[in-house]
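Any value given below was found using the heavy atoms of this structure, including those in side chains, with hydrogens, waters and symmetry copies removed. Sequential numbering from 1 along the given sequence is applied to the chain's residues.
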Amino acid sequence: MALTVLLSLSVSGSIPKDAQTLTAKPNIVFILTDDMRKDDLKYMPKTRSVLKAKGMSFSNAFVSNPLCCPSRATILRGQYAHNTGIWTNKNVGRRAGVGQAYRNKGNEKDNVATRLDAAGYRTALIGRYFSGITNKTFVPPGWDYWFSAWGGYFDYGANDQGTIRHFGTKASDYLTDVESRKTRMFIGTSVARGKPFFAYVAPKAPHPPSTPAPRDRHAYDGLKAPRLPSFNERNVSDKPPWIRKLPRLSDAKKAKIDNHAEKRAESLQAVDDLVAGVVGKLRDKRVLGNTYIFFTSDNGFHHGEHRIPAKKARPYEEDVRVPLLVRGPGIAAGHQAHKLVLNTDYLPTFTDLACPSSRSCNNQNYSYVADGRSLRPVLKGNATAWRSAVLLEAHHTPEGGATPAYSGIRTSSTKYVEYAGGKRELYFLGHDPYELRNKYPAAKPSAGLVSRLQALRTCAGVDCRAAENRQ
């Protein structure tokens, strides 16, 4: 059969434009926004058109620790925060910023980049990495192309392949647009070199100050933030004391929340253009049919729910639930998946997609086994057994306000959270999806749920998957 195909190609004198989809390793583009809520997708029509309508959307995608740096460490390593050791965005022990702590803990020696690089992929990080890196010209191992930026949307610095560059205030310097150009350049170069590629693309938007591109400054004038049933919650007597002490939102605070929501939506327009540009570049280079595109966020954000005017890092749905869209070969267009998925799953998914017919990607003297699981069976529509719970965890951080450290378990119908100091929250999400009625202590979680939480908060590798699966 192979000989027949080769002979036919030699007779025709050309290779079909999609022939690579039959033989080559798939390309992977992972687009990670910053502080984007699940419901922010309504402001991104191009992304919905080229990814959601052409691929799979996930209704139950979560992050375990809803804070930028811990979530990104989890994504890169496929591990819960209690295994990456990264809990905060701030300096650790006044000795090193979190990015340097991530490096000092050895996390850069074995992660998604080093594993895919070893599997023959050309790899790139374009956008946000971690804060607090002291050696800004260093390019971590495993990355073939590196463009990490810090600062604002204008007038910022970047490590461009080991060289510090400064970008100014011209329209062409707008950060998301620069990242878009860098991504498309990387795709073109990789295709020209005939290598499969992995692009980790991490735009800053819609993270504060949520500066839109000049062309988008009035795209959503007058927009109001969502008014969920939990917005400016009237009765918080069931909530822990750090929520009870929050005053109801004044008109001035509501106006500030709305103004920020407007800027966030406008800043996402350039990300929408980035996504469309990436899909267009893949199509132009005739590799779209052999490329998986993932689109998600590192954590959610509050718009006044439970009286919380902003920020993240809490175990509420607005913080831990994120968008997830995936398009690629073999994925049914327009399908919605309801499985519980987590940001621990990306690394094992990418290595599984890179090596579907062998275990070479997962069997190369790695220093650890990922806590997550491959989403490949879900993407292909043949998943059978699957997790029924995920772990939520965080340390006390300034980003979380007065919220103590916590660990919690979230199933498809229940959320139970234990805080340092003894406070508890229990929600039956099937009847109370907006977490308006904390049932603890009038109702207690089942012994099995508490036992699973105890197992999850210290689990590692296969033990995490076993505890997530246990009923």
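- No side-chain donor-acceptor contact under 3.5 Å links His303 and Asp258.
- Atom-to-atom distance recorded for Asp34:CG and His207:NE2 is 5.0 Å, nearest 0.5 angstrom.
- To the nearest 0.5 angstrom, Tyr368 atom OH is 4.0 Å from Arg77 atom CZ.
- Residues Tyr43 and Val271 fail the side-chain proximity criterion, which asks for heavy atoms closer than 4.5 Å.
- Checked by atom type, the side-chain pair Asp272/Thr47 shows a donor-acceptor distance below 3.5 Å.
- With 3.5 Å as the limit, one finds a donor-acceptor pair spanning the side chains of Ser407 and Arg457.
- By the 4.0 Å N-to-carboxylate-O rule, Asp160 lies close enough to Lys182 to be salt-bridged with it.
- At least one cation-pi condition fails for Arg410 and Phe62: the charged atom is not both under 6.0 angstrom from the six-membered ring centre and inside a 45 degree cone around its axis.
- The closest side-chain heavy-atom distance from Tyr129 to Tyr102 is below 4.5 Å.
- Here Asp177 pairs with Arg215 in a salt bridge; the nearest charged N to carboxylate O distance falls below 4.0 Å.
- Between Asp173 and Arg165 there is no salt bridge, since no side-chain N of the basic residue sits under 4.0 Å from a carboxylate O of the acidic one.
- Contact of the Asp35 side chain with the Cys68 side chain is registered, since non-hydrogen atoms from C-beta on lie closer than 4.5 Å.
- Heavy-atom neighbours of Lys224 NZ from other residues, nucleotides or ligands within 6.0 Å: at or below the threshold of 12.
- No more than 12 heavy atoms of other residues, nucleotides or ligands lie within 6.0 Å of NZ in Lys54, so this atom counts as exposed by the packing criterion.
- Between Asn343 and Arg72, the side chains place no donor N or O within less than 3.5 Å of an acceptor N or O (distance only, hydrogens not considered).
- Heavy atoms of other residues, nucleotides or ligands lying less than 6.0 angstrom from NZ of Lys109 number 12 at most.
- Each of Arg314, Arg37, Arg227 was evaluated against Glu305; a single residue qualifies, Arg37, per the salt bridge (charged side-chain N to carboxylate O under 4.0 Å, His left out) test.
- When side chains are defined from C-beta on, His82 counts as touching Cys459, because their heavy atoms get closer than 4.5 Å.
- Atom NZ of Lys263 is surrounded by more than 12 heavy atoms from other residues, nucleotides or ligands within 6.0 Å.
- Rounding to the nearest 0.5 Å places OG of Ser180 at 11.0 Å from CG of Leu175.
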One pair to check against side chain to side chain donor-acceptor pair (under 3.5 Å): His260 and Ser210. What are the steps and the verdict? CA-CA 8 Å; His260 187 204; Ser210 310; 3.1 Å; yes
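- Side chain to side chain, Asn299 and Ser71 fail the donor-acceptor criterion of an N or O pair below 3.5 Å.
- In this structure, CG on Leu375 lies 3.5 Å from OG1 on Thr349, to the nearest 0.5 angstrom.
- The main-chain N or O of Arg465 is never found under 3.5 Å from a side-chain atom of Asp371 such that the two would form a donor-acceptor pair.
- In this structure the side chain of Leu449 reaches within 4.5 angstrom of the side chain of Thr414, judged on heavy atoms.
- Geometrically, Lys25 does not engage Tyr121 in a cation-pi contact defined by less than 6.0 Å to the ring centre and at most 45° from the axis.
- Ion pairing between a basic and an acidic side chain is recognised when a charged N comes within 4.0 Å of a carboxylate O; Asp345 and Arg387 show such pairing.
- A cation-pi arrangement is not found for Arg115 relative to Phe350, the charged atom failing to lie both closer than 6.0 Å to the ring centre and inside a 45° cone about the ring normal.
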Worked verdict on Lys105 versus Thr84 for side chain to side chain contact (heavy atoms under 4.5 Å, CB included): CA-CA 8 Å; Lys105 291 177 182 294; Thr84 67; over 6 Å; no
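- Using a 4.0 Å cut-off between charged nitrogen and carboxylate oxygen, Lys415 and Glu317 count as a salt-bridge pair.
- Separation of atoms CD1 (Ile126) and CD (Glu179) is listed at 8.5 Å; rounding is to 0.5 Å.
- Ring geometry for Tyr316 against Tyr427 counts as perpendicular: the plane angle is over 60°, on a 0 to 90° scale with 30° as the lower cut.
- Under the 4.5 Å side-chain criterion, counting only non-hydrogen atoms from C-beta, Ser413 is not in contact with Leu429.
- Aromatic ring pairs are classed by plane angle as parallel below 30°, tilted from 30° to 60° and perpendicular above 60°; the pair Phe294 and Phe30 is tilted.
- Interatomic distance, Thr344 OG1 to Gln79 CD, rounded to the nearest 0.5 Å: 10.0 Å.
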